[in-house]
Amino acid sequence: MSFTAWYYPFFLAIVVAAYWRLPHRARLWLLLAASYVFYGAWDVRFLSLIMASTLSDFFAGTAIAGERRPLAHVAAAAALPVLAFALAHSLQIVPGELPGAFFAIAAAVAVAFVAAYGWLWRLDEARRRKGFLLLSIVANLGTLFFFKYLGFFVDNAKRLLTAAGLGGDFTVVEVLLPVGISFYTFQSISYIVDVYRRQVTPSGDLLTFATYIAFFPQLVAGPIERAGHLLTQLQQPARFSPEHLHEGARLLLIGYFKKVFVANNCALVADYVFSTPGTLDGTWILLGAIAFAAQIYGDFSGYTDIARGSARLVGIDLMHNFRFPYLATGPSDFWRRWHISLSSWIRDYVYIPLGGNRGGTAASIRNAYITMVLAGLWHGATWMFALWGFYHATLLALYRVVPALGRLQDGGPRAVAVPLMFVFTLLGWLMFRSPDLDTFLACIAALGHWTAPTMKAAGGAAAWLAIHVGPLLVLQYITRRQQDEAALDHRPPLLRGLDYTVLFLLVATTAVVDVEFIYFQF
Amino acid sequence: MKTFVTRAFWVPVAVLVFAEAVIRLFFAEGFTGRFDYGYLPAAGFVEVQGGVELRRTGGRKFYPQAFAMPKPEGRLRIFTVGDSVTRGDDLAEAYPAQLERALEARGHDAESFNLGLTAYGATRKRIVALQCLRYEPDLIVLHVNEANEGYDERDWNRAQSYRSWHPRNWFLKSYALHRLYEVRTDSIFWKYLPEPIRTMRSVRTPDAAFAAVMDDPATLAEWNRRTRERTAQTVQEVTAAGVPMILVSTAYFRGKKGTVLLDDGLDAFVAGLAGPRVRWISTRELMAGLPREEYFTDSMHLSPAGHRRLAERLATLVQELVPAPGDGP
């Protein structure tokens with residue numbers, strides 16, 4: 001189910017209305033059921049993946065804490081996702097054929113998990129803790145690899161083998177990419193690592209833990225939550241306050257404004273430019289890059305606001321994910337403002353374990369490259385995303401080794417630092433949005449050609465962008481000293497009411513509909 | 001104790017309720033039929049004391065005109081029903097007004113009204129023509145064109161979509177929001193976005209459906225078939241009411257710099273509808289050999305000189321169909 005589906009507000013209203021009338025335990029059941037309905041609306045078969053992730057991390061987490069569950073329980077739980085997958089498929093809830101290999105692989109993974117669970121208890125505590133950590137990470141990353149990266153690696157292996165004259169004419173089962181798999185997989189991994197590090201007490205209650213993994217507002221596109229933040233909120237019964245409704249409604253309004261008004265309308269220009277880059281010149285490519293910058297920010301930060309608003313309505317506070325990223329003074333600053341839940345995840349679970357800034361400049365630059373390329377690939381299994389990550393790592397390295405750039409980022413004149421970083425960001429978005437290297441190179445080549453007739457023809461598109469980005473800039477100006485655009489509490493009630501009026505009118509009267517969230521594909 | 005609803009929340013509620021109330025109380029006339037997109041028969045015909053005013057209202061943007069009811073004794077009343085070709089760029093320059101002047105010059109006490117509406121196809125022209133029958137016409141001129149049936153279909157779907165109580169339409173049930181939506185679509189989407197971008201992603205379902213099929217040969221054939229069926233129906237109904245007609249078939253230059261005027265088979269179809277009470281004019285024949293830049297503004301629309309030439313030809317036919325008082329044996 002998408003936040004922009006016409007029925008989502010009804011779904012949310014029913015959940016919220018029922019939620020506050022129920023006792024704590026029943027609320028969790030309600031949230032879990034709602035989350036499974038929310039996710040199952042896309043493809044009910046992939047609910048089995050969320051179940052599998054939930055169960056493997058639950059048993060691994062409790063095992064790391066020394067709590068041994070009967071093997072029969074583990075076996076029954078491991079069979080559950082496989083059975084759910086088979087049931088969903090046999091009922092033909094989703095049309096289409098699936099090869100038997102899928103069931104065989106799923107059953108083998110379940111059996112292997114149960115066997116490993118039983119065997120690891122034979123080890124001493126230190127090795128057992130590490131073993132369960134690895135078991136969980138392998139299960140999570142293995143699933144992610146299978147569904148998201150297998151095709152990528154197979155395609156590249158085929159090309160290499162073909163180029164080397166060693167064949168390459170083989171087929172491997174093609175798999176659909178489950179919506180949001182990168183988000184909930186990373187959330188699961190952070191949980192198990194935090195449990196291992198003893199930063200979080202593992203959940204002993206499967207219902208609470210399953211709700212934590214599947215919590216529908218942030219299930220498919222984040223923010224990627226930490227157990228210490230979200231799980232603890234789910235464990236404690238929230239007390240109703242009208243404040244939840246006020247803040248939730250405001251976040252929803254801001255989120256829909258960013259998504260429906262800003263992102264969907266800017267997408268028209270961006271989609272056009274990136275579908276025909278070879279026929280366009282510098283004016284259009286620049287417009288396309290700006291349009292995409294506005295689209296992806298409106299789309300993703302809008303999604304985050306809707307997610308935070310939806311969660312807030314049931315008394316849950318999700319983390320901030322954006323903080324005026326296009327006002328960044330440099331690449332480090334940018335990543336402290338853009339997709340904060342991912343960048344902090346990468347920092348805590350990849351960059352710092354690799355050594356972080358310890359070990360001197362060369363080591364930290366190496367770590368930055370590894371981290372950023374992985375962050376790029378997190379977005380999708382293409383070389384363009386890897387290139388985008390590599391590019392951002394290069395920016396980080398440049399700002400580190402060139403003293404003038406470093407000074408510019410850390411206290412230099414903002415009038416220079418912010419536009420410069422925005423130009424670097426636009427170049428990055430050209431890579432990110434280009435489906436392949438040829439398209440990207442065509443965009444770069446086009447930037448060298450500027451013709452007066454084209455500039456005139458592009459004037460309409462520029463006006464269209466100005467009309468749809470302008471209100472966002474005004475909103476950002478109003479909230480420039482706040483944490484994000486949704487923080488309007490500092491405004492007097494009358495002005496705030498007028499803000500709401502304008503935002504509502506812009507959303508309710510927008511013409512372009514049915515543009516899917518960009519980050520669902522990740 | 002916090003209240004469920006904040007003071008700030010009441011501002012948009014108050015603004016929207018106030019705007020809606022003002023529109024419904026004071027501008028209701030302009031909105032009646034506004035979202036029927038021309039399918040409400042009486043839209044634009046405002047009956048006032050002593051006559052009827054044609055206005056830009058109710059979803060029809062007629063040029064402002066007026067006529068008396070009942071019709072003054074001895075006056076020849078002509079309604080010209082058409083699309084943007086009939087409408088022209090200026091009421092006084094378009095051929096219905098020039099027809100009135102030409103007839104007056106020939107001794108008729110005539111009044112000729114321009115009921116040309118941009119993007120109207122045969123379906124909506126029929127509705128307008130039948131409405132004209134209520135106002136004592138002596139003649140109805142019908143401009144036949146195959147270019148607009150798709151717009152008729154799109155606007156029919158828009159009207160149906162608006163009538164539906166699907167939650168998607170709830171906001172648009174408000175006159176204020178619906179009008180704002182239309183202003184944004186017409187004045188921003190269509191005005192600013194270049195055509196290649198518009199065709200990639202259209203607005204709302206009826207527009208998207210229209211954009212998706214407008215180049216489909218089978219759909220175009222169906223629209224052309226429908227144009228002919230509805231036009232024949234209109235001719236049959238108008239003449240059955242005892243009102244004579246003149247049909248004008250449109251001609252087209254294909255391509256931006258096309259020099260050959262084509263009728264796309266429309267002439268043969270229109271000729272087939274002709275009879276003692278139905279005459280016809282072929283634009284292709286009328287303008288054959290004349291310089292395009294002098295008589296046309298684009299591939300189809302007429303310049304003031306083109307309108308004048310058509311008006312003169314019409315005046316001649318009108319005299320044959322409806323003799324002036326004192327004419328004849």
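Per chain, numbering begins at 1; letters A, B, ... match sequence-line order. Note that this is a predicted model, so its numbers are computed, not measured.
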- Contact origin within A/His244 toward chain B - heavy atom pairs under 4.5 Å: neither
- Message: Does any backbone or side-chain atom of B/Trp10 lie under 4.5 Å from a heavy atom of chain A? Answer side chain, backbone, both or neither.
- Response: neither
- Task: Could you tell me if the ring centre of A/Phe216 sits under 6.0 Å from that of A/Phe3?
- Result: no
- Per-residue contact mode, B/Val183 against chain A (heavy atom under 4.5 angstrom): neither
- With ring centroids as reference points, do B/Phe62 and B/Phe45 lie under 6.0 angstrom apart? yes
- If you look at every heavy atom in B/His307 and B/Val85, which pair is closest and at what distance? CE1-O, 3.1 Å
- Under 4.5 Å, counting heavy-atom pairs only, tell me which of A/Asp499, A/Leu494, A/Thr501 racks up the most with chain B. A/Thr501
- Flag the pair B/Phe253 / B/Phe296 as yes when their ring centroid distance falls below 6.0 Å, and as no otherwise. yes
- chain B contact via A/Leu245 - which portion, at a heavy-atom distance below 4.5 Å: side chain
- Message: Please classify the contact of A/Tyr7 with chain B as side chain, backbone, both or neither, using a heavy-atom distance under 4.5 Å.
- Response: neither
- Query: What part of B/His178 lies closer than 4.5 angstrom to a heavy atom of chain A: side chain, backbone, both or neither?
  - Reply: neither
- Which of the residues B/Pro167, B/Ser174, B/Ala176 is involved in the greatest number of heavy-atom pairs with chain A at under 4.5 angstrom? B/Pro167
- Message: Around atom NE2 of A/His490, are there more than 12 heavy atoms from other residues, nucleotides or ligands closer than 6.0 Å?
- Response: yes
- Message: Are B/Tyr37 and B/Trp156, when compared by the centres of their aromatic rings, separated by less than 6.0 Å?
- Response: no
